[in-house]
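As structure tokens, the structure follows; a few thoughts come after it.
Indexing begins at 1, ligand by ligand and atom by atom, following the structure's order. Computed from a predicted model, the values in this text were never measured in an experiment.
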Amino acid sequence: MYDSIVIGSGAAGSTVARKLAEAGKKVLILEKRSHVGGNCYDAPDEFGILIHEYGPHIFHTNEEDVYEFLSEFTEWYLFGHEVVANVHGELIPVPFNLNTLHKVYDKEKADKLEKLLIEEYGEGSRVPIMKLRENQNPEIKAIADYVYENIFLQYTMKQWGQTPEEIDPAVTGRVPVLISYDNRYFQDKYQGMPKDGYTPMFEKMLNHPKITVELSVDCKSRLEFGEEQVLFDGVPFDGDVIYTGALDELFDCEFGRLPYRSLDFKFEHFKQDSYQGRSVVNYTVSEAFTRITEFKYLTGQIDTNGTTIVKEYSFAYTGAEGETPYYAIINDENQTLYEKYAERIKKIKNVYLLGRLAEYKYYNIDAIVKKALELSEDIIRR
Ligand code: UDP
């Protein structure tokens, strides 16, 4: 009855489902949660403020095809996202850039250091903190130490339970030191939010005559992943199966649990116009939470009464009921374990793994939409 079964309706699953449906395939989506949109899911809270239930998601991309594809389902509230770090009560722009440099050092020193950084790395360049730390020039080393100690060390300890040395350098490399006066968190051409929220965007994407979405369904109640074949409701299924969930949990963690970091979100509402006057403040040297997001500034709901914020507390995912695996912890040991699961499933023809969980990767929204567009094309061509 179905040509394709997609497990999960986040950015990965929804994009694939839509593209396969447009190519004429009849698609079934099995979604464990009671809603679509994955971790991008947003909805008004009890005070009428649109919040991101699974943490702040800011869309940004340089990929024209991704932007075009998503724009079929939404208009945009576009803005240049900015973040500050609270360092002992002082707010400084993050990523650390030339504006930050001039805030931290007096004019004469900052002018000198600015010249030095530009000579060394070139204007406009992006230098990962772990790279900057390798510089032997004592003056540059001093900047690197400042940035490391005041921006990266404690935030990373809170977020990952490990030091910046211990985690994959690509993770801290997401927020490089910028040799420019650009205060934006991302330098991408398009950045912002779907105008009415992510949920309506994904609902529109999935609103297609060839797509059926079943919510609150654990795929394991309908699908069985045998050694070489998938059974759907007990019958061999030879269509495409696109799995976007956690791979270890699909196999009841038979080789052991894949480690993830999870987050505890503490939402608070205040009957005042503003809490922090901006969308995101990172707490890089104090507090148990990593950052505070004030939604009205993120989503452009400036005129709403009252304000809702969220504090993020990171912890090690255990798989307990109610916990969500958000971040794969990328290192050699975990990759080896992941490969064991991937090998197990690769023996089954027509099963595809896609997304942060199924691929055990750290994808941004645009990167996973891009990957999903490419996978759909591959599947359709086959
Ligand atoms: N990071 C940090 N201090 C900051 C911002 C980021 O130490 O103020 C490090 C931290 O290790 C974090 C990583 O850089 O996990 C990536 O940050 P990003 O903001 O991209 O994380 P996400 O928004 O995906 O949670």
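Side chain of E31 to backbone of V213: no donor-acceptor contact under 3.5 angstrom is found. Panel note: side chain S221, backbone D218; a donor-acceptor pair is recorded below 3.5 Å.
The shortest N or O to N or O distance between Y155 and ligand 1 is not under 3.5 Å. Some N or O of R174 is nearer than 3.5 Å to an N or O of ligand 1, by distance alone.
For D332, the CG atom is loosely surrounded, since the number of other residues' heavy atoms within 6.0 Å does not exceed 12.
Taking a cutoff of 4.0 Å between a charged side-chain nitrogen and a carboxylate oxygen, K189 and E64 qualify as a salt bridge. Using a cut-off of 4.0 Å between Lys/Arg side-chain N and Asp/Glu carboxylate O, E287 and K158 are scored as not salt-bridged.
Counting heavy atoms only, V175 comes closest to atom 17 (O) of ligand 1 of the residues T156, T284, I167, V175. If you check each of Y362, Y185, F186, F152 against atom 19 (O) of ligand 1, the one with the closest non-hydrogen atom is Y185.
Among protein heavy atoms, the minimum distance from atom 15 (O) of ligand 1 is reached at W160 NE1, 2.8 Å. If you check which protein heavy atom lies closest to atom 25 (O) of ligand 1, you get Y327 OH, 2.5 Å.
Residue contact check: N282 has heavy atoms under 4.0 Å from atoms 4 (C), 5 (C), 8 (O) of ligand 1. Residue contact check: Q159 has heavy atoms under 4.0 Å from atoms 15 (O) of ligand 1.
Contact between R291 and ligand 1 is present, with at least one heavy atom of the residue lying under 4.0 Å from the ligand.
Results of the ring-ring contact (aromatic ring centres under 6.0 Å, His included) test with F265 over Y326, F289, Y313, Y54 single out Y326 as the only residue that passes.
Side-chain rings of Y190 and H60 stay apart, their centers remaining 6.0 Å or farther from each other.
Here I151 has heavy atoms under 4.0 Å from ligand 1 in both its backbone and its side chain. Under 4.0 angstrom from ligand 1, the non-hydrogen atoms of V171 come from both its backbone and its side chain.
A cation-pi arrangement is not found for R126 relative to Y121, the charged atom failing to lie both closer than 6.0 Å to the ring centre and inside a 45° cone about the ring normal.
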